[in-house]
Amino acid sequence: MANLFRRLTAPAAPVIQRDTVRLRLDDAEIDVLRVRDPRARRLKLSVDERGARLTLPLRASLASGERFLQANRQWLQQQLARFDGEGLLAAPLALREPGVLPLRGALLPVRWQEGRFTRIEVDAEGACIQLPARAGDASLRRVLREFYEARMRADVGRWLPAYLPGLPRAPARLRLKVMSSQWGSLAPDGSLALDLALALARPAAFEYVLVHELCHLLQANHSPAFWAEVEARFPQWRHERDYLREEGRRLKATLRQLLRGA
């Protein structure tokens, strides 16, 4: 009863509020998503493939948000132009239309076949996507995700045994998901999470992220001792880290585009 009383009398959790604000740039007007987030500690402006986003903590006024936007107009315009220049796929992969499938740092030509089951196979000619005659766009997006997950699990299964010696234990389990900023994480219970966008990256970059997270089984930090463990197992880690810094936003945006569709 006491627990029930505490739940009933506890203050309600703050709700994230969203709206849009119009901002005039040098050559266009854009809508900026304005988010009031109780978890935010400062004003923050960010850009991704969905556009611009202004995050405000609860204590910030709308007027301070407007001033922050105006003060960062030039930065915002540069980021939007840079993002557009990075590009995603030449065109989103459309159902039964010519296109390409990104995989392991390459773009595979796509051909379509009718079949009883939905599946994707890779051969010397590229990627063959088989779909039943009545399959729609949702089926395509689902098989794309399943295909990338299967490829990543196969890669991890091939690489992992070489890195297990010297580790206190193997990861408890592997989860593959779409991650907004991180490439991977290791939970206190030993669960390993990897970003599904790594299936689009070159294999060495994917392997580096795997090694990075495995080394957290030895050092739960990013201390010099941690990087020494990474260096011992994957000496070219700096090269792959730089690659992900340069290509990461494009890879993540392309994955979202593929899984969401046009």
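By convention here, the first residue in the shown sequence is residue 1.
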[X] atom [atom1], neighbour heavy-atom count above 12 within 6.0 Å:
X      : atom1 : result
Arg24  : CZ    : yes
His222 : NE2   : yes
Arg22  : CZ    : yes

Non-hydrogen atoms of [X] and [Y] that approach each other most closely:
X      : Y      : result
Gly166 : Arg233 : O-NH2, 3.9 Å
Leu93  : Leu140 : O-CD2, 4.3 Å
Ala197 : Trp183 : CB-CZ3, 3.9 Å
Pro168 : Leu218 : CD-CD2, 3.6 Å
Ile30  : Ala52  : CD1-CB, 4.4 Å
Arg145 : Leu176 : NH2-O, 4.3 Å

Are the side chains of [X] and [Y] in touch, meaning some heavy atoms are under 4.5 Å apart?
X      : Y      : answer
Asp155 : Leu198 : no
Arg34  : Leu56  : yes
Trp159 : Pro203 : yes
Ile120 : Cys128 : no
Val32  : Leu69  : yes
Asp37  : Pro57  : no
Glu149 : Arg151 : no
Phe117 : Leu131 : no

Do [X] and [Y] sit in the same hydrophobic cluster, where Ile, Leu, Val, Met, Phe, Trp and Tyr count as joined when their side-chain heavy atoms come under 4.5 Å apart?
X      : Y      : value
Phe68  : Leu62  : no
Leu45  : Leu43  : yes
Met179 : Val156 : no

Decide, yes or no, whether a salt bridge links [X] with [Y] under the criterion of side-chain N to carboxylate O below 4.0 Å.
X      : Y      : value
Arg119 : Glu121 : yes
Asp242 : Arg238 : no
Arg36  : Asp19  : no

Q | Pair Leu210-Leu192, side-chain contact (heavy atoms from CB on, under 4.5 Å): steps then yes or no | A | CA-CA 9 Å; Leu210 175 64; Leu192 173 62; 3.8 Å; yes

Q) When you measure from the centre of the six-membered ring of Tyr208, is the NZ or CZ of Arg241 under 6.0 Å away and within 45° of the axis? A) no

Does any N or O in the side chain of [X] come within less than 3.5 Å of the main-chain N or O of [Y], such that one atom is a donor and the other an acceptor?
X      : Y      : result
Gln219 : Phe226 : no
Tyr243 : Arg202 : yes
Trp112 : Glu97  : yes

Q | Working for side-chain contact (heavy atoms from CB on, under 4.5 Å), residues Leu54 and Leu23 | A | CA-CA 11 Å; Leu54 172 66; Leu23 179 66; over 6 Å; no

Q.
Test side-chain contact (heavy atoms from CB on, under 4.5 Å) on Val35 and Gln17; report intermediate values, then the result.
A. CA-CA 6 Å; Val35 180; Gln17 302 171 7; over 6 Å; no

Any chance you could measure [X], atom [atom1], to [Y], atom [atom2], to the nearest 0.5 Å?
X      : Y      : atom1 : atom2 : value
Glu247 : Thr254 : CD    : OG1   : 9.5 Å
Arg260 : Leu144 : CZ    : CG    : 13.5 Å
Leu194 : Lys177 : CG    : NZ    : 10.0 Å
Leu200 : Phe206 : CG    : CZ    : 11.5 Å
Thr20  : Asp31  : OG1   : CG    : 5.0 Å
Arg250 : Leu255 : CZ    : CG    : 12.0 Å

Q.
Please determine whether side chain to side chain donor-acceptor pair (under 3.5 Å) holds for the pair Arg173 and Ser191, giving the CA-CA distance in whole Å, both sets of side-chain angles, and the decisive distance to 0.1 Å.
A. CA-CA 5 Å; Arg173 67 176 181 272; Ser191 298; 3.3 Å; yes

Q: Just do the salt bridge (Lys or Arg N to Asp or Glu O under 4.0 Å) check on Arg111 and Asp123 with the steps written out, would you?
A: CA-CA 11 Å; Arg111 65 186 190 277; Asp123 55 28; 2.4 Å; yes

Q) Are the aromatic ring centres of Phe234 and His212 under 6.0 angstrom apart? A) no

Q: Before giving the answer on side-chain contact (heavy atoms from CB on, under 4.5 Å), spell out for Tyr163 and Glu207 the whole-Å C-alpha distance, their side-chain angles and the decisive distance to 0.1 Å.
A: CA-CA 11 Å; Tyr163 295 112; Glu207 189 173 359; 2.5 Å; yes

